[in-house]
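Here, residue 1 is the first one in the sequence, and each next residue gets the next number.
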Amino acid sequence: MIKVASYNMRKAIGTDRRRRPERTLEVLNEIDADVIALQECDRRLGQRMGVIPEHMLEEHTDWRAVPVAARARSMGWHGNALLVRKSAQVIDCERVELPALEPRGAVSADVRTGGLLLRVVGMHLDLSGLWRRKQAAAVLSHCESAAHRMPTVLMGDLNEWSAASGCLRDFARHHSFAATGPSFHARRPVGRLDRIMVSPELKIVDAGVHASAAARTASDHLPIWAILDRA
């Protein structure tokens with residue numbers, strides 16, 4: 001079994017409006033997942049620098065970033081990154097273009113960890129329902145057109161407030177949703193904007209929202225997690 005997680009880290013700016021990457025790392029270490037999808041991990045302007053310095057990730061965690069960045073000082077692509085255990089094997093990784101009015105993308109990696117080989121896709125979808133459905137179609141097309149099929153985990157901030165319509169209906173055709181619960185807003189969670197979805201080759205053993213004291217102040221989203229095993 002492995003543990004996966006997704007976290008919109010809001011560029012390490014907490015609900016106190018202070019940017020504290022060390023607090024974000026504290027939350028990630030609390031979760032202790034094997035694979036983590038991050039959203040809003042880079043600054044928005046200029047060189048799009050990663051907000052967690054590389055040396056902090058190396059010295060204070062058991063993860064490394066999958067090399068999907070298009071810029072030298074970024075951790076991810078369009079703010080999306082994947083972290084894996086330092087012991088994990090990254091077989092392949094790529095950036096996935098998403099249709100949008102403003103730049104959006106997803107990141108994908110084939111990873112061997114905890115005895116499982118799986119494909120992981122991290123994403124941050126649009127605020128517009130029309131564009132979310134187009135972006136969901138692009139993510140699903142990426143998975144379906146892959147030369148090698150494998151168990152797949154889709155994770156990220158879907159920005160979908162509905163319970164089962166829109167892009168959720170599109171993803172649900174071939175994926176199961178982890179029952180993680182509401183993760184937004186961190187101070188008073190009411191929206192299930194963050195989601196973890198798995199293909200039929202995987203089963204969800206357990207799932208939840210990480211709501212520690214640090215997590216409630218580190219971002220406006222709470223992290224979500226799921227424990228997975230072979231179906």
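Rounding to the nearest 0.5 Å gives a distance of 13.5 Å between CD of E201 and CG of D229. Separation of atoms CG (D34) and CG (L116) is listed at 9.0 Å; rounding is to 0.5 Å. For the atom pair CZ (F177) and CE (M197), the distance works out to 5.5 Å, reported to the nearest 0.5 Å. One distance of note links OG of S212 with CD1 of I31; it measures 8.0 Å at 0.5 Å rounding. Distance check: R119 CZ to D92 CG gives 8.0 Å after rounding to the nearest 0.5 Å.
A 4.5 Å side-chain heavy-atom check between D157 and Y7 finds every atom pair outside the cut-off.
A donor-acceptor pair under 3.5 Å links the side-chain atoms of R132 to the main chain of N159, judged by distance alone. With hydrogens and angles ignored, the 3.5 Å screen pairs a side-chain donor or acceptor of Q39 with a backbone N or O of N8. For R95 (side chain) and G105 (main-chain N/O), no donor-acceptor pair under 3.5 Å exists by modelled atom type.
Within the structure, the side-chain hydrogen bond (donor to acceptor under 3.5 Å, both in side chains) test picks out the following pairs touching residues 48-65 (sequence neighbours left out): D62-R85. Annotation: side-chain hydrogen bond (donor to acceptor under 3.5 Å, both in side chains) contacts involving residues 66-84, sequence neighbours excluded, comprise Q47-R73. Note on residues 212-231: pairs passing ring pair (Phe, Tyr, Trp, His ring centres under 6.0 Å), not counting sequence neighbours, are F184-H221. Under the side-chain hydrogen bond (donor to acceptor under 3.5 Å, both in side chains) criterion, the residue pairs touching residues 162-175 are R133-D170, E160-S162, S162-S165, D170-R173, with sequence neighbours excluded.
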Evaluation steps, side-chain contact (heavy atoms from CB on, under 4.5 Å), between I36 and L28: CA-CA 9 Å; I36 304 171; L28 295 179; 4.1 Å; yes

Chi angles and distances behind the side-chain contact (heavy atoms from CB on, under 4.5 Å) call for M56, L25: CA-CA 8 Å; M56 289 181 65; L25 289 183; 3.7 Å; yes

Steps toward side-chain contact (heavy atoms from CB on, under 4.5 Å) verdict (T180, R195): CA-CA 7 Å; T180 53; R195 298 281 184 159; 5.5 Å; no

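Think of L101 as one node in a network of Ile, Leu, Val, Met, Phe, Trp and Tyr side chains linked at under 4.5 Å; its network also takes in W131.
Residue L222 forms a side-chain contact (heavy atoms from CB on, under 4.5 Å) with just one option from H210, R216, R187, and that option is R216.
Between the side chains of H185 and D220, no donor-acceptor pair of N or O atoms lies under 3.5 Å. Side-chain contact, E94 with S108: no donor N or O sits under 3.5 Å from an acceptor N or O.
Closest approach of L83 to M75, counting heavy atoms only: CD2-SD, 4.3 Å. What you find for V66 and C93 is that their closest heavy atoms are CG1-CB, 3.5 Å.
Remark: R104 engages E102 in a salt bridge, criterion side-chain N to carboxylate O under 4.0 Å. At a threshold of 4.0 Å, the pair K11-E40 counts as salt-bridged, since one of the basic side-chain nitrogens sits closer than that to a carboxylate oxygen.
Counted within 6.0 Å of NZ on K203, heavy atoms from surrounding residues, nucleotides or ligands total 12 or fewer; the atom is thus considered open.
Here L117 pairs with I91, R112, M150 under the side-chain contact (heavy atoms from CB on, under 4.5 Å) rule; sequence neighbours left out.
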